[in-house]
Structure formats: C-alpha cells, structure tokens
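Below is one structure, written out as structure tokens, with a few remarks after it.
Note that the coordinates shown come from a computational prediction; the quantities given were computed from them, not determined experimentally. Below, each value reflects all heavy atoms present in this structure, side chains not excepted, and no hydrogens, waters or symmetry copies. Note that the numbering runs from 1 along the sequence shown for the chain.
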Amino acid sequence: MINFLDMADTPQKASDYLSNLTIQLEEIEMRFAEWDQVQEKTAQKRQSIYDSFEARSVQLVEQKNRKSGQLLQAAERIITGAKNKVKTLRSDTEINAFFSADIMVDRARQIAQELLKMDDAAKSEEIQQQLLVVQQEAIRNLKDRNELYVDGDQILAMGKFRFAIQSQNVALSITYKNDGFYYHITGTSYFEPVVNAELNALRDVFEQEYVSENADVPRAVYFAWRMLQNYDPAKIPSDENLQKDIHEYLTSHPMEGYVKGVHDADAFTLTKTWLLLQNDLGVLIYQPEERAFAHLFWHYLPAVAREDFKTQIDAARFLKDHYQQRKEIQLFIEEASRAFRIFLKNHFPQLRIDANAAASYLYNKETGAIRISRQNHQIYVLFKEHLKADFIDKKYDDYMQELKGDPARLWALVESWIRRFASQKALPLSANVITELVALLIVEWDNKIEVDAVEATVAIKDLKSINTTNEPFLLDHYKWVSLLKHFDSVLVPHFNKLQQLKRALLQEKNNELKLENFRTEVLTTFVRNQLINQVYFPIIGSNFSKQIGEAGEAKRSDRSGLLLLVSPPGYGKTTLMEYIADKLGLVFIKINAPSLGHTITSVDPGEAKNAAAKNELKKLNLAFEMGDNVMLYLDDIQHCHPEFLQKFISLADGQRRMDGVFNGASKTYDLRGKRFALIMAGNPYTESGEVFKIPDMLANRADIYNLGDMTASNKEAFEMSMLENALTSNPYLRKLTQNGTENLYRLVAYLQDPESNLPNLDGNFVASEIQDYIKVVKHALQARSVVLKVNENYIKSAGIVDAFREEPPFKLQGSYRNMNKILANVQPIMNEDEVTALLLNHYNNESQTLTQDAEANLLKLHEIMGLMTPEQQERWDDIKVQFKKYRMLKGMPDQDKFAQIIAQMNQFVEGLEGIKDVLKDGRK
C-alpha cells in the first residue's frame, strides 16, 4: 500500500491503485473464506486502505487546484501587462507581431497548455479566450483611435460633433476635503461623507500624503533619519557603504514615495552631515529634556541606589571594552529606565520623556559631570551674576534649600526665576535652553560642569527636494530629533492605520455600490459598421450635443433632452450605447426595466416590493448622486409604468432636475451643466403583445429613433450592417475580413453585379478559399434578404392599431441577433434549398416562444418567403377571416345578450355573402 501511495501522483492513479488493492483483498477473502480471523483483519485493512487513498486523493486534488489557481493568476498578470503594452502600439502589424512573438504572451499560452495537461480545460480556454479578446480589442481600439479621435486622444468625433473624452477609469476613493473624509467616485460629483468613529482618532494624518512626509517633516529628512538608526555615530560608514545602504533602503521601501536621484541624493548628504554632527556632539546628542531630567533623576536617587547604578555602569563598560559584551549595557538601561519612569510618575506625571534615552545618556555620560554648550553656560553665568548684582543670591539659596526635598516645586521655582531673569534682560530663551538651565541650577552642587563649544545646528546648501529657494537648510539636531521621534512613534503608525482603515472602508463601500458593474465591457463581437459611422453617430452626436455639450467653442450652456431608441430586441441598442459610453469615458449605468415592472411608480428604493426592483432603483439614484460624467441607460422601458417614466420629464427639459432618494433621504438633483446623458430604449411591443406607447410629455422632449426601421433613407448601410455585425459568427467571413471589411464589400458588389469581374482581395488566399468565401457571401445575401423582409413586416405590424388589423400581429424578428444565429451555421457546401431550410428551421425554433401565435406567424413567414403551399394558403386565409371576427367582437362580454345577437347577425350576413358568391359563380 505504501508503494502505491507513493506512486499515486494524480487522483486518477490513486483511484486505479485503490481498485487494484481492493481486488487483491477480495481474492484473499475468497481464498480464506472459512477463516474468521482473516476476514476480520481484511475488513480492517480494507478500511485502512480506503481512508489512506481517500486522504491521498484529497491531497492531490488540493495540490492540483492550488497549482492551477497559481498558474491562472500568473497568466492573468501577463494578460494585464499585455493589455497595457498594446495601448502604445500604433499599427495592426505591430499588434499582431506582439501577440505572435512576445515572450510573456507565449508564456501565457504555455500556461494554458499546462492547465490542459492537468485536465483543467476550463481555465485553459479562459486564458486563450482572454488573449484573443485583448488582441481583438487592441485592433478595434487602434482603428477607433485612428478614425474617430481628433486633436490627440482627448476629443471624439461623432459625425460633425466633437466631445471631450474622460480618461479616468471608474474607481472609488476616499478623499479629504472640508476638514473630513469623503467617498468619491473618480470623474463624477459623487461625494459621500465617511462615517466612522475610528477616523477621528487619526485626524493628525488626514492631510498626510506619504508615510514619509507631512507639512513639518520633508521626505529626505525622514529618509536620513531612518538611515541614522542603522549607524553608531562613533563609527561613520564610508561614502560607498552609505550609498549602498541608501540604495537598498530606497528599493525596499517603494511605498514611502522616494524619487530616485532626488530624495536618495539628499538623504546621502543629510545622513553624512548628521552623523558627523552627532559625532561632534558626543553625549549632547540626547535631547535637552532627556539630559536634564536624567540629571534630576540621578540627583534625587537614594545614595544606595546611586552607588548600585554606578557599579553596574562600571561593570558594563569594562565588559564592553574587554570582551565586547553589550548585554549588561542593555540590562542597565532597562533597570534605570524603569526607575526613571517611576520618578517621573511620582513627581512629573504630565511629562512624556523617552526613558530609554535618558537611561542611555546616564550610561554614556561621565559620572559626576554635567556637560553643557558654551551658549547655555554663558546664560548660566549671567544668571548667577544677576543674582549677586541684585543681592538676592542668599534668598535664592534659601528657597533652594527649603524646597530641595520636593523636585516638582523646586523645578517650578527655578524655572520662574529663569523666566523672570530672561524677561528683564530681554533674552529670547527657548524651552530647551530653559530646561537645561533649570536642571543645571538644581544639580550643580554635586556635579562638575563641562563646557562644550560644539554647535547643534548645521547649514546645508544645494538640497534637491528641500528649500528650492537659495536659503540653506538648517539641520538643527534637537529640533529634528524631537520632530522625528514623534513622527516615527506616533504619526507613522497612525498613517499606516489610516491606510488600512481606508482600504477596509473602500472594500465595504465597493461591495455596497458594486462599481464593477458600471465599468464598460464592449462585446468582442461588436463591429463599428458603416451604419454606425454614417447614421447612428450623427444622430446620437446631435442629441449628445444638447445633453452633455460639445467640446470647445461649440459647447452649449443649456442642457436638455433625452435619447429614445426603439427597435425589436437584437438590434444592438445596448451594445451601441455601451460602446459610446466606453469611448467617451462615461460611467455606464444600465437600469433593467423588467426588474422594475409595472408596479413601480416611485424612484424610492424603500417602496420596492422585491430585491431586484430595489437594486435597480438604488442604481438609478446612484446615477443622480454621481451627477457628472454619467450615461443613464433605461433598457426595455416597455415594461415600466407610464407614471414612473413621467418622473423623468423635468430631467429631460431645460430644468435638468430630478427628485430622488439616496440613503433614505429625499433629494432634488440639479444636473444643469453636468455631463449627464439620459438614454431610454424599448421594444415596439410590450410583454403582453400590445403596442408600446410612450408618454406624450416625455416623447415631446426626446429625440426618437427606430433602429430597426432605417431603410427609408439609409437602405444600403442598414442592409450591409446585417452582414457586418455577423462577421465574427461565421469562421469563413471572419477569416475573409481579418485585414478589414473591404474584402466583404468587394464580394457583395461582385455578387450583386454578375457582369463585373472577380475583385482582388487583400490577403494571401488560394483559389479554393476565394470560392468558399464567394459561396458563403452568396448564402449570406440570401439569408439577409429573408431577414430584412421579416424585419420589415415586424416593424409594419408593430405600427398598426389593433382595431385596423387585417391579420394577426407578426412577431417574428429580423434582427442582428437572428442574422448572427443563421450565419453561424452557413457553410460553402450548402445550396439555396439548404439555406432556405436553415432559415425555416431557425424561425421555427424562434416561434416556440409565441405559443398560440406560432402557427399564424409561421404561415406569414412562408408567405413572406414565397413558399406557401395551397393547403397553407387556405389555412392562412381561414385564420385571417377568423381573426377579423374576433377583432370585431373583442371586448364584448359573453353575458351581453346584445353582443350575442350582433354576433349571430354577423354570421347570418356572412352566410348570405357566401350564397351570393356561389350564385355569381353559377351565372358565369
């Protein structure tokens, strides 16, 4: 069993080996069937084998899933990189060459093959499909950029109209404004206050952009500070090592926002200067308050404790000098810092001083001595002279003697004397100077005073990121250490916590808003055909010039109107508008009207009776909340209640206002001057089969176009669009037009004019391939002829009032979707009869959803195609006669006696008409 488990490296092998072992056990059981002990042991062994192989199978499946997931993620990263790369390519040849020769793209294909060998065909197909989609989108975007963009990549041409392009992607961010944080959707007017109690505690970093910089601390200074933590001031590194360490820190901390060649250069200068300054300062590198209160703490230590600490210091220094041991130093600092904290807590509880730094100073300074700068010593001498000159030195000494047992009161007394002295002498003493002087005056009796001439401030010139003026940067050791200690210990953790909190809040809000649903994803099958270029773009551009305004001087200050598109399903209304939204960079918010239904008359999500309707109304109000750079697309509005549609009247007129409800609060949105496009789309029929009627007040404000009835003035472009939109559905047409649609246009012209010569096609095609293309295009033209007739009859039927119908409504459609389905099955070997059979079979399948109307619609289809048999014609005539009878009596209740009399009289009249016709025939 152990060997089989080792050999089982796939779940299938594990299953096979389990079967082999099970068979062997069964043979043993059969051979020793009369031995109970053997039966018992084999049963136990069988259970052990099952458990072992089950665990092995689970382990192998987990390994396989983990590896396939990792491979898929790697491929997706490659595809994302490829998507960004192809944006920079400027020709079809470059794009195709990139996908043919790029090493990383080839690696993605290899990953697909690896997944296929792992029996994960779904992920393999996904990778290959994504690569194909990226390539096709790149070629389509390049064509759009070359043909539609003007003045660079910022203006899109739609007919004679020009529109600005919003290049920012839809993304949710948290931005700081008006002294608070707001959720913001890029490119829009959406600003929603962030309500979170934790944010208030982080107000000190609200406006901080980088973890390494704020209004007080430049990035280069923080960079230098971080480098200082790695060095001993007594051992200054060489320039080469310092440069190396700075480069390593720069590359390993990308989130701190350093610019190579700028901040690293300044950090080198600052770090080197600062290390030299620290070396000169010696023990004066510690902050004045750390040194001052360390002296005060030492002064008030009991004699036994002080002697004990002296012994520890001497021992630690000896071990360090002779044996390079530093553990005892750390032990002293820990013990002394604990005692220091207790001292502060008992006498100065309001102070926050680095106890470890104070203890470290006590270790490093000379015992029994207090070191002071020359400037501070001069002030100290002046103060002593002042006391003698005013004959108050004895009184001062008496007060000092009286309060020597109370450190806090004594400190307050000496500080007040120093401040009074500074005021009288007009000396601008800083807090650091006063702190040092107070400590010196309290502990001077048991310390030797040493004067140091070193300055704690150095002027540095020619820094690239600090002080762009000619003034030098002043590296004040005490100022910057104080600032950076607070920055590092308080602000940096606050900033990191804020970023973490913002990420969590954004994730939560993203889940609520579902912004990924508003990112445009144009179908890979979309073709920008001649009809779109020559017809749709000009009419949509004309409407958008009123709704969102043109770019440049042609911009209108008054915004109004809406675009209403009517057509049967499958004519690409949604795809076309999503494509335009994608090109203009508008947020595409699609409202699915069937989810609302006829019961919804309000825009308030709270009044929705089901989750689907509530979700659509939330999206609707979110569109109003965004306000700017939005395309609001209401799809299939024939499913909506007229009262609901009338809510948009004020939005469509010059007021450009709309009432809404967002987060439970009623609001009136003013969209005047905003890039807000309102689009509605519908079907000529409602779901009940009745003709869809648009509310008059809304229709008066709309530009209305029927995309399914464009043959009147644009017949050629509309008919050609039937073929253009189906190119990707048929492999032969797809290959024919891989270098452009000109080949299709040439073959169509050739087939429509039999006397013309076979045109030259772009591409390397052999004669047999060209013949296949000709046959497929010929069949496509045959199919198109029928689809166009079906479309014509559908539109005509939809425009007739029921009271005037002479035959049942015709509901079979001749849309782009139908054409795509039909051409997907067209082959060159087919003949005309087979293409006709294909058409009939397609519409027979389509009619299955018409239930009781299916027969009449199929008979009408046969009539359109000229395929009526005598039996079918007789049945069709009978259906029309019966339809007229039903139409005449429609709406009369069965209980109405008068209606029944009318019906009987009508039948009597029809009988007389029949007798009359027979008599006429007899006379003839």
Tell me whether the count of non-hydrogen atoms from other residues, nucleotides or ligands lying under 6.0 Å of CG in Asp696 goes above 12. no
Can you name the closest pair of heavy atoms from Leu723 and Leu744 and give their distance? CB-CD2, 4.2 Å
Between the side chains of Asp144 and Tyr579, is a donor N or O closer than 3.5 angstrom to an acceptor N or O? yes
Going by an N to O cut-off under 4.0 Å, is there a salt bridge joining Lys614 and Glu607? no
Can you list everything that forms a side-chain contact (heavy atoms from CB on, under 4.5 Å) with Arg559? Sequence neighbours excluded, please. Lys555, Arg656
Can you list the steps and then say if Leu733 with Val777 is a side chain to side chain contact (heavy atoms under 4.5 Å, CB included)? CA-CA 8 Å; Leu733 295 180; Val777 173; 3.9 Å; yes
Does Val133 reach the side chain of Gln129, with side-chain heavy atoms less than 4.5 Å apart? yes
Is the count of non-hydrogen atoms from other residues, nucleotides or ligands lying under 6.0 Å from Gln646 atom CD greater than 12? yes
Go through it in stages, so that I can follow the logic: the residues are Glu806 and Lys884, the test is salt bridge (charged side-chain N to carboxylate O under 4.0 Å, His left out), and I'd like the CA-CA distance, side-chain angles, deciding distance and then a yes or no. CA-CA 6 Å; Glu806 296 294 326; Lys884 293 177 183 178; 3.2 Å; yes
May I ask you to say whether Lys647 pairs ionically with Asp659, meaning some side-chain N is under 4.0 Å from a carboxylate O? no
Quick one: does His779's side chain have a donor or acceptor within less than 3.5 Å of a partner on Val835's backbone? no
Quick one: are Val790 and Gln813 in side-chain contact, heavy atoms under 4.5 Å? no
Answer yes or no: is there a donor N or O on one side and an acceptor on the other, between the side chain of Ser785 and the main chain of Gln782, under 3.5 Å? no
Which of these, Ile580, Thr520, Ile548, Val587, sits in a side-chain contact (heavy atoms from CB on, under 4.5 Å) with Met631? Ile580
List the residues meeting side-chain contact (heavy atoms from CB on, under 4.5 Å) with Ser729, not counting sequence neighbours, and say none if there are none. Asn820, Ala824
Before giving the answer on side chain to side chain contact (heavy atoms under 4.5 Å, CB included), spell out for Lys821 and His842 the whole-Å C-alpha distance, their side-chain angles and the decisive distance to 0.1 Å. CA-CA 8 Å; Lys821 289 180 180 179; His842 167 78; 3.8 Å; yes
Ignoring hydrogens and angles, tell me if any N or O in the side chain of Glu834 forms a donor-acceptor pair with the backbone of Asn831 under 3.5 Å. yes
So, Asn730 side chain and Leu823 main chain: donor-acceptor pair closer than 3.5 Å or not? yes
In short, Ser595 meets Ala613 closest at the heavy-atom pair O-CB, 3.5 Å
Is any side-chain heavy atom of Leu678 less than 4.5 Å from a side-chain heavy atom of Gln547? yes
Looking only at heavy atoms, which two atoms of Val527 and Glu724 are closest? And how far apart? CG2-O, 3.4 Å
Set out, in order, the CA-CA distance, both residues' side-chain angles and the distance that settles side chain to side chain contact (heavy atoms under 4.5 Å, CB included) for Met680 and Leu565, then state yes or no. CA-CA 6 Å; Met680 295 186 181; Leu565 303 178; over 6 Å; no
Would Lys860 and Glu807 pass as an ion pair if we require N to O under 4.0 Å? yes
Can you confirm whether or not the ring centre of Phe588 sits under 6.0 Å from the ring centre of Tyr633? yes
Hey, are Asn529 and Asn725 close enough side-chain-wise for a donor-acceptor pair under 3.5 Å? yes
Closest non-hydrogen atom pair, Tyr816 against Leu531: OH-CD2, 3.3 Å
salt_bridge(Asp635, Lys573) N-O dist < 4.0 Å: no
Measure from the side-chain N and O atoms of Asn621 to the backbone N and O of Leu617, and report whether any donor-acceptor pair falls under 3.5 Å. yes
Take Tyr773 and Phe765, measure what ring-ring contact (aromatic ring centres under 6.0 Å, His included) needs, and give me the verdict at the end. CA-CA 10 Å; Tyr773 299 150; Phe765 303 125; 5.1 Å; yes
Any non-hydrogen side-chain atom of Leu620 less than 4.5 Å from a side-chain atom of Ile589? no
For the residue pair Ile770 and Leu761, establish whether any side-chain heavy-atom pair is separated by less than 4.5 Å. yes
Is the shortest side-chain N to carboxylate O distance from Glu147 to Arg528 below 4.0 Å? yes
Does atom CD (Glu792) have a neighbourhood of more than 12 heavy atoms from anything else shown, all under 6.0 Å? no
Could you tell me whether Glu578 and Lys590 have a side-chain N and a carboxylate O separated by less than 4.0 Å? no
How long is the span from the CG atom in Asp604 to the NZ atom in Lys618, to the nearest 0.5 Å? 11.0 Å
What are the two closest heavy atoms between Tyr794 and Pro568, and how far apart are they? CE2-CG, 3.0 Å
Greater than 12 external heavy atoms within 6.0 Å of Glu516's CD: yes
Worked verdict on Phe544 versus Leu584 for side chain to side chain contact (heavy atoms under 4.5 Å, CB included): CA-CA 11 Å; Phe544 275 26; Leu584 291 175; 3.9 Å; yes
For Asn818 and Ser815, which I'm curious about, is there any donor-acceptor pair between the side chains at under 3.5 Å? yes
Could you go step by step and tell me if Glu742 and Thr737 meet the side-chain hydrogen bond (donor to acceptor under 3.5 Å, both in side chains) rule? CA-CA 7 Å; Glu742 289 301 321; Thr737 57; over 6 Å; no
Look at the side chain of Ser797 and the backbone N and O of Asn793, then say whether any donor-acceptor pair between them is shorter than 3.5 Å. no
Side chains of Leu596 and His639: closer than 4.5 Å at any heavy-atom pair? no
Identified side-chain contact (heavy atoms from CB on, under 4.5 Å) partner of Glu846 from the options Asn841, Leu858, Leu812: Leu812
Looking at every non-hydrogen atom in both residues, tell me the closest pair between Asn543 and Leu562 and how far apart they are. ND2-O, 3.1 Å
I'd like to check Glu769 versus Lys735 (side-chain heavy atoms, cut-off strictly below 4.5 Å). Are they in contact? yes
If you define the side chain from C-beta out and look only at heavy atoms, does anything of Lys789 sit under 4.5 Å from Val786? no
Is the number of heavy atoms from other residues, nucleotides or ligands within 6.0 Å of CG (Asn760) greater than 12? no
Identify the residue among Asn743, Thr741, Val748, Leu747 that makes a side-chain contact (heavy atoms from CB on, under 4.5 Å) with Tyr745. Thr741
Set of residues satisfying side-chain hydrogen bond (donor to acceptor under 3.5 Å, both in side chains) with respect to Lys619, sequence neighbours excluded: Glu616
Does Lys775 pair with Asp772 as a salt bridge, N-O distance under 4.0 Å? no
